[in-house]
Engineer: 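Questions regarding the structure given below will be posed in turn.
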Amino acid sequence: MAAKSVSRLVRAAVAVGASIVMMASVAACGPSASAPSDAKGDEGKSAGTSQSARSLDAIKKSGKLKVAVFSDKAPFGYVDKDGKYQGYDVVLADRLAKDLGVEPEYTSVDPAARVDVLSSNKVDVTLANFTVTDERAHKVDFAKPYMKVFLGVVSPESAPIQNVEDLEGKTLIIAKGTTAEPFFEKNYPKVKLQKYDQYADAYSALQDHRGDALSTDNTEVLAWAKANKGFTVGITKLGDEATIAPAVQKGNKALLDYINEEIVKLGKENFFHKDYEKTLAPVYGEAANPDDIVIEGGVG
């Protein structure tokens, strides 16, 4: 993502308002899969017992595609005031289920449980803003990407964090199982990490000044800062550019092939840009360039 384009995101005057905050904090009505208490995030060993994934035929016969999504990460995956799942990831999940001839069945997932819900066969696919990493790819099979992202850091305007060196000796809030966790543990061990299972709890900690800053995907912190006065994204582009993709249980080739074929097909109809306009454009506004975020047809 070009620095110029990222800066446009930061400057975007967005009419997000309190509604996004409310939507992001509403408790999910469907099933929930929390992070196992003895697991070291989804970067560590999966805490669930590995079970065989459902075949494509079994999914069709059941009439349900089981999907893990976030319930507290607007505008990517959240539960609205009516108790319905919404967001950029959810729009894709809806379409995958529709084209398969079934209904989506959503499970709310914490960041650190995204691998576990697949290995334990609680869901068929994880569509929870899941960044592709080599370590994760040893545990799940990623489909073609549909989004690109960097890490970002949000902090109070009264004490802005504008470079990583500003964090040394300070407390950084993160959600367990996100890419921010191993990134800071490996590259900046002097930064004290304060970890939470859920995004909503992490942001509450920032608002309550229990930490000096919070780090997660730049697309997420930029949106959150626009909805919460008194906070700013001082670091908009941290680490290497990464991609976000659907994930299925390791070895579930039939479902993986279906999703990959769908992503290619949807790219031909400009599906992901339309998804952006529906779910992300109201947050980032006209100043954002969707081409800096969206991947069409699995080719970035």
Side-chain angles (χ1 to χ4, degrees), residues 1-2 4-6 8-9 53 56 59-60 65-70 73-78 85-104 106 114 118 123-134 136-137 140-150 179 217-220 222-223 237 240-300:
M1 186 183 298
K4 183 179 180 180
S5 298
V6 174
R8 290 202 303 270
L9 285 173
L56 209 55
I59 293 172
K60 291 178 181 178
L65 178 66
K66 298 179 180 181
V67 188
V69 293
F70 286 133
K73 193 177 182 182
F76 303 99
Y78 62 95
Y85 282 93
Q86 305 285 359
Y88 185 79
D89 292 342
V90 176
V91 171
L92 173 57
D94 283 344
R95 181 62 183 270
L96 291 177
K98 179 182 178 181
D99 288 356
L100 196 58
V102 299
E103 295 292 327
Y106 292 113
R114 287 175 292 186
L118 289 172
V123 300
D124 303 305
V125 56
T126 291
L127 264 173
N129 222 227
F130 209 6
T131 303
V132 178
T133 68
D134 291 339
R136 289 170 176 171
V140 301
D141 283 337
F142 282 104
K144 294 179 180 294
Y146 60 93
M147 190 174 172
K148 43 196 171 184
V149 70
F150 288 92
T179 52
D217 294 349
N218 61 349
T219 49
E220 159 62 10
L222 288 165
K237 184 178 177 182
D240 297 328
E241 182 179 87
T243 58
I244 289 174
V248 301
Q249 187 181 122
K250 199 72 179 174
N252 192 354
K253 187 175 184 301
L255 181 56
L256 184 68
D257 288 346
Y258 165 72
I259 295 174
N260 280 334
E261 290 168 3
E262 276 287 292
I263 288 174
V264 172
K265 183 185 77 172
L266 294 176
K268 294 177 181 178
E269 60 183 70
N270 216 35
F271 172 86
F272 294 96
H273 278 78
K274 294 175 183 176
D275 188 355
Y276 176 98
E277 290 300 319
K278 178 181 179 180
T279 61
L280 304 186
V283 175
Y284 296 125
E286 294 298 326
N289 183 357
D291 291 334
D292 291 333
I293 298 173
V294 173
I295 297 177
E296 289 284 6
V299 181

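Computed from heavy atoms alone, side chains included, the values below leave out hydrogens, waters and symmetry copies.
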Engineer: How are the rings of Tyr106 and Tyr85 set to each other: parallel, tilted or perpendicular (split at 30° and 60°)?
Structural biologist: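 Ring orientation, 0 to 90° scale: tilted.
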Engineer: Can Glu262 and Lys265 be counted as an ion pair, charged N to O under 4.0 angstrom?
Structural biologist: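 Counted as a salt bridge, because a side-chain N and a carboxylate O are separated by less than 4.0 Å.
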Engineer: Does any part of the side chain of Glu261, heavy atoms only, come nearer than 4.5 Å to the side chain of Asp99, both counted from C-beta?
Structural biologist: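 Not in contact.
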Engineer: Between Leu118 and Asn252, is there a side-chain heavy-atom distance shorter than 4.5 Å?
Structural biologist: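 Of all side-chain heavy-atom pairs linking Leu118 with Asn252, none is under 4.5 Å.
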Engineer: With rounding to the nearest 0.5 Å, note down the distance linking CZ in Phe142 to OG1 in Thr243.
Structural biologist: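 Between atom CZ of Phe142 and atom OG1 of Thr243 there are 8.0 Å.
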Engineer: Could you tell me whether the side chain of Met147 reaches within less than 4.5 Å of the side chain of Thr219, counting heavy atoms only?
Structural biologist: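 Side chain of Thr219 against side chain of Met147, heavy atoms only: contact under 4.5 Å found.
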Engineer: Would you say that Ile263 contacts Pro246 through its side chain, given a criterion of any heavy-atom pair below 4.5 Å between the two side chains?
Structural biologist: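 The answer is yes, as the side chains (C-beta and beyond) meet within the 4.5 Å cut-off.
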Engineer: With sequence neighbours excluded, tell me which residues meet ring pair (Phe, Tyr, Trp, His ring centres under 6.0 Å) with Phe76.
Structural biologist: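 Testing Phe76 for ring pair (Phe, Tyr, Trp, His ring centres under 6.0 Å), a comparison that skips the adjacent residues, returns none.
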Engineer: With sequence neighbours left out, what residues match Asp141 under salt bridge (charged side-chain N to carboxylate O under 4.0 Å, His left out)?
Structural biologist: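 Here the qualifying residues are Lys250.
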Engineer: List the residues meeting side-chain contact (heavy atoms from CB on, under 4.5 Å) with Thr279, not counting sequence neighbours, and say none if there are none.
Structural biologist: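 Counting only residues at least two positions away or on another chain, Thr279 forms a side-chain contact (heavy atoms from CB on, under 4.5 Å) with Tyr88, Val91, Asp275.
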Engineer: Does Glu296 use its side chain to pair, donor to acceptor, with the backbone of His273 at less than 3.5 Å?
Structural biologist: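 Checked: pair present.
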Engineer: For Asp124, give me all partners under salt bridge (charged side-chain N to carboxylate O under 4.0 Å, His left out), at least two apart in sequence or on another chain.
Structural biologist: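 Partners of Asp124 under the salt bridge (charged side-chain N to carboxylate O under 4.0 Å, His left out) test: Arg54.
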Engineer: How far apart are the closest heavy atoms of Gly297 and Val264, and which atoms are they?
Structural biologist: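 Looking at all heavy atoms of both residues, the shortest contact is O-CG2, 3.9 Å.
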Engineer: Say you draw a straight line from OG1 of Thr133 to CG of Asp240; how long is it, rounded to the nearest 0.5 Å?
Structural biologist: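 These two atoms lie 12.5 Å from each other.
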Engineer: Between the main-chain N or O of Asp89 and the side-chain N or O of Tyr146, is there a donor-acceptor pair closer than 3.5 Å?
Structural biologist: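 Judged by distance alone, no pair lies under 3.5 Å.
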Engineer: My understanding is that only residues two or more places apart in sequence, or in another chain, count here; which of them pass ring pair (Phe, Tyr, Trp, His ring centres under 6.0 Å) with Phe271?
Structural biologist: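 Listed in chain order: nothing, the list is empty.
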Engineer: Which atoms form the tightest heavy-atom contact between Ala97 and Glu103, and what is the distance?
Structural biologist: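 Ala97 and Glu103 have their closest heavy atoms at CB-C, 4.0 Å.
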Engineer: Working to the nearest 0.5 angstrom, can you tell me the gap between Ile259 CD1 and Leu127 CG?
Structural biologist: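 Result: 7.0 Å between the selected atoms.
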Engineer: Show the numbers, then the answer: is there a side-chain contact (heavy atoms from CB on, under 4.5 Å) between Asp217 and Ile244?
Structural biologist: CA-CA 10 Å; Asp217 294 349; Ile244 289 174; 3.9 Å; yes
Engineer: What do the steps show when you test Phe272 against Ile295 for side-chain contact (heavy atoms from CB on, under 4.5 Å), and what is the final call?
Structural biologist: CA-CA 7 Å; Phe272 294 96; Ile295 297 177; over 6 Å; no
Engineer: Looking at residues at least two apart in the chain, or sitting in another chain, which of them share a salt bridge (charged side-chain N to carboxylate O under 4.0 Å, His left out) with Glu269?
Structural biologist: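 Testing Glu269 for salt bridge (charged side-chain N to carboxylate O under 4.0 Å, His left out), a comparison that skips the adjacent residues, returns Arg95.
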Engineer: With a 4.5 Å cut-off on side-chain heavy atoms, are Leu255 and Leu56 touching?
Structural biologist: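 SC-SC contact between Leu56 and Leu255 confirmed.
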Engineer: With rounding to the nearest 0.5 Å, note down the distance linking OG1 in Thr179 to CZ in Phe130.
Structural biologist: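 If we round to the nearest 0.5 Å, Thr179:OG1 and Phe130:CZ are 10.5 Å apart.
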Engineer: Any donor-acceptor pair under 3.5 Å linking the side chain of Asn260 with the backbone of Lys144?
Structural biologist: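 At least one qualifying donor-acceptor pair exists.
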Engineer: Nearest 0.5 Å please: distance from the CZ atom of Phe70 over to the OG1 atom of Thr126.
Structural biologist: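 Reported to 0.5 Å precision, the distance equals 9.0 Å.
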Engineer: Quick one, Leu92 and Leu266 - any side-chain contact, counting heavy atoms below 4.5 Å?
Structural biologist: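 In short, these two side chains touch, coming nearer than 4.5 Å.
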Engineer: Let me confirm one number: the CG-CD distance from Asp94 to Gln86, rounded to the nearest 0.5 Å.
Structural biologist: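 Nearest 0.5 Å value for the CG-CD distance: 8.0 Å.
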Engineer: For residues Gly77 and Val90, report the shortest heavy-atom separation together with the two atoms involved.
Structural biologist: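 Looks like CA-CG2, 4.4 Å.
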Engineer: Show your reasoning for whether side-chain contact (heavy atoms from CB on, under 4.5 Å) applies to Val67 and Val123.
Structural biologist: CA-CA 5 Å; Val67 188; Val123 300; 6.0 Å; no
Engineer: How close do Ala245 and Ala143 get, heavy atom to heavy atom, and via which atoms?
Structural biologist: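 Looks like CB-O, 3.4 Å.
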